[in-house]
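Some notes on the structure that comes next.
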2 protein chains.
Amino acid sequence: MNRKEQKLQTRAAIMDAAFSLLSDERSLSSISLREVAREAGIAPTSFYRHFKDMDDLGLTLVDEGGLALRQLMRQARLRIASGGDVIKVSIDTFMEFVFANSNVFRLLLRERSGTSTAFREAVSREIQHFIAELTDYICRHTKLPLERANLQAEAMVKLVFSTGAEAIDLPPAQQKQLSERLIKQLRFIAIGAASFKK
Amino acid sequence: MNRKEQKLQTRAAIMDAAFSLLSDERSLSSISLREVAREAGIAPTSFYRHFKDMDDLGLTLVDEGGLALRQLMRQARLRIASGGDVIKVSIDTFMEFVFANSNVFRLLLRERSGTSTAFREAVSREIQHFIAELTDYICRHTKLPLERANLQAEAMVKLVFSTGAEAIDLPPAQQKQLSERLIKQLRFIAIGAASFKK
DNA sequence: TAAATTAGCGCACACTTGTAAGCTGAAAAG
DNA sequence: CTTTTCAGCTTACAAGTGTGCGCTAATTTA
């Protein structure tokens with residue numbers, strides 16, 4: 001089946017092209033189908049052999065991006081299992097990702113509040129995954145009731161994303177500082193969740 | 001000076017037009033100069049008599065939107081002065097704003113992670129204002145050291161914005177629920193900040 | 001009153017865009 | 001070998017874009 005193989009390769013080329021066109025001043029919605037095709041080295045109309053339209057492509061990218069990020073965070077949790085502070089290791093990992101794959105992170109960030117309902121839902125789903133995994137982790141490592149663990153996880157994930165968004169276009173000097181602030185703030189949440197009454 | 005007056009009116013018409021074109025599926029960057037002109041009832045080229053380009057217009061809108069939101073939150077704090085729970089009143093006010101002026105809030109949200117550095121900075125500035133005002137409030141109403149108050153305020157504002165973003169396209173039934181979750185999470189932060197050691 | 005300013009308009013231009021229609025050549029199926 | 005399938009191409013078109021240029025008519029200034 002050499003034919004299918006070739007097709008997958010072109011499909012990958014299209015996705016790569018789209019990713020590489022993303023930057024701090026280009027979002028998916030400002031990139032045209034023709035640009036992607038040009039970058040991928042195919043005719044504009046050939047695009048349709050692989051995706052229904054740009055939204056279709058975008059959804060695929062969001063899914064892929066979210067998956068990559070979550071896989072990384074799972075690895076981080078493994079690192080923690082073999083000793084180390086949960087919060088610190090997680091944040092370090094996260095920030096590493098943000099800078100190593102800033103286009104992916106930007107994609108998620110932008111589409112989270114973007115103009116396409118489908119995109120927003122896709123990103124929202126990704127974030128829910130994060131929250132679910134973190135909730136699970138908290139439950140297993142503390143004695144908090146499920147509901148409280150979930151509240152804590154949600155607050156943490158939102159704060160982390162928010163800070164990641166801010167950090168992404170900052171010089172490394174200030175990144176570090178921001179990370180440290182974030183870590184303290186996450187501890188606020190952890191402490192508060194643990195000693196919350198009523 | 002009837003001439004200047006007329007001009008200001010047209011300028012206002014342009015800004016209104018732009019605002020009214022915003023929606024959950026139209027962002028500033030997807031709105032064309034010609035569309036704005038059409039909606040405002042002027043010729044496309046007349047637009048230039050008032051703004052350098054769409055970015056210029058956008059910046060003005062961001063400034064105006066941020067100002068409106070901050071003024072509202074100041075009012076909320078006055079309401080609190082005459083009795084009432086700080087967090088609850090603030091969040092209720094905020095959520096009211098989000099739904100009454102959803103286009104303004106969406107504008108801020110989107111441009112926060114948008115493609116224009118100038119926009120991002122403008123929104124960032126607005127958020128810093130929020131944080132500064134809240135920090136000040138916390139300092140005056142608790143015995144926390146400045147730095148800790150600032151950390152708390154920052155975490156709170158980010159969490160509130162993040163939740164507002166999520167709430168904006170949710171049915172009222174779930175809005176309420178989300179607000180209640182948010183309030184608990186803010187208490188986590190308040191408690192954590194108060195009892196943070198080291 | 002005469003001159004200067006200017007908000008708004010119409011026209012025009014050069015582009016870019018998404019995508020429909022139909023062809024080609026090679027791979028896969030029979 | 002013959003037929004079918006189909007990824008990718010070329011061509012074409014209608015629609016929309018930002019903006020330069022120069023005019024007009026009314027207001028403001030002198």
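Quick note: numbers below take in every heavy atom, side chains included, and nothing from hydrogens, waters or symmetry partners. All chains are named by letter (A, B, ...) in the order of the sequence lines, taking the proteins before the strands, and each is independently numbered beginning at 1.
- Atom CZ of A/R34 and atom C1' of D/dC13 are 11 Å apart (whole Å).
- Atom-to-atom, CZ of B/R26 to P of D/dG16 comes out at 12 Å; the value is rounded to the nearest Å.
- In this structure, B/R3 atom CZ and D/dA25 atom P are separated by 14 Å, rounded to whole Å.
- Counting non-hydrogen atoms under 4.0 angstrom, B/S32 reaches the backbone sugars and phosphates but no base.
- C/dT19 atom C1' lies 14 Å from atom CD1 of A/I42, rounded to whole Å.
- A perpendicular orientation is assigned to the rings of A/F130 and A/F161, their planes being inclined by more than 60° (bins at 30° and 60°).
- When distances run from any side-chain atom of A/Y48 to the nucleotides D/dC9, D/dA7, C/dG18, the shortest one goes to C/dG18.
- Within 6.0 Å of atom CD in B/E147, 12 or fewer heavy atoms from other residues, nucleotides or ligands are found, so the atom counts as exposed in its surroundings.
- Considering only the side chain of B/R38, D/dT17 comes nearest among C/dT19, C/dC9, D/dT17.
- Between the CZ atom of B/R11 and the C1' atom of C/dG8 there is a distance of 17 Å, rounded to whole Å.
- Annotation for B/S179 and B/M95: closest pair OG-CG, 3.5 Å, computed over non-hydrogen atoms.
- Dense packing is recorded around CD of A/E96, with more than 12 heavy atoms of other residues, nucleotides or ligands lying under 6.0 Å away.
- Looking at B/S20 and B/E39, their side chains come closer than 4.5 Å, going by heavy atoms from C-beta outward.
- A donor N or O paired with an acceptor N or O is not found under 3.5 Å between the base of D/dG18 and the side-chain atoms of B/T45.
- Listed pair B/S46 / C/dA7 fails the phosphate criterion, with no side-chain N or O lying under 4.0 Å from OP1 or OP2.
- Here C/dG8 is the nucleotide among C/dG8, D/dT19, C/dT19 with the atom lying nearest to any side-chain atom of B/T10.
- A/Q6 has its CD atom 13 Å from the C1' atom of D/dC6, to the nearest Å.
- Distance B/H50 NE2 to C/dT6 C1': 11 Å, rounded to the nearest Å.
- At whole-Å resolution of the value, CZ in B/R49 and C1' in C/dT6 are 6 Å apart.
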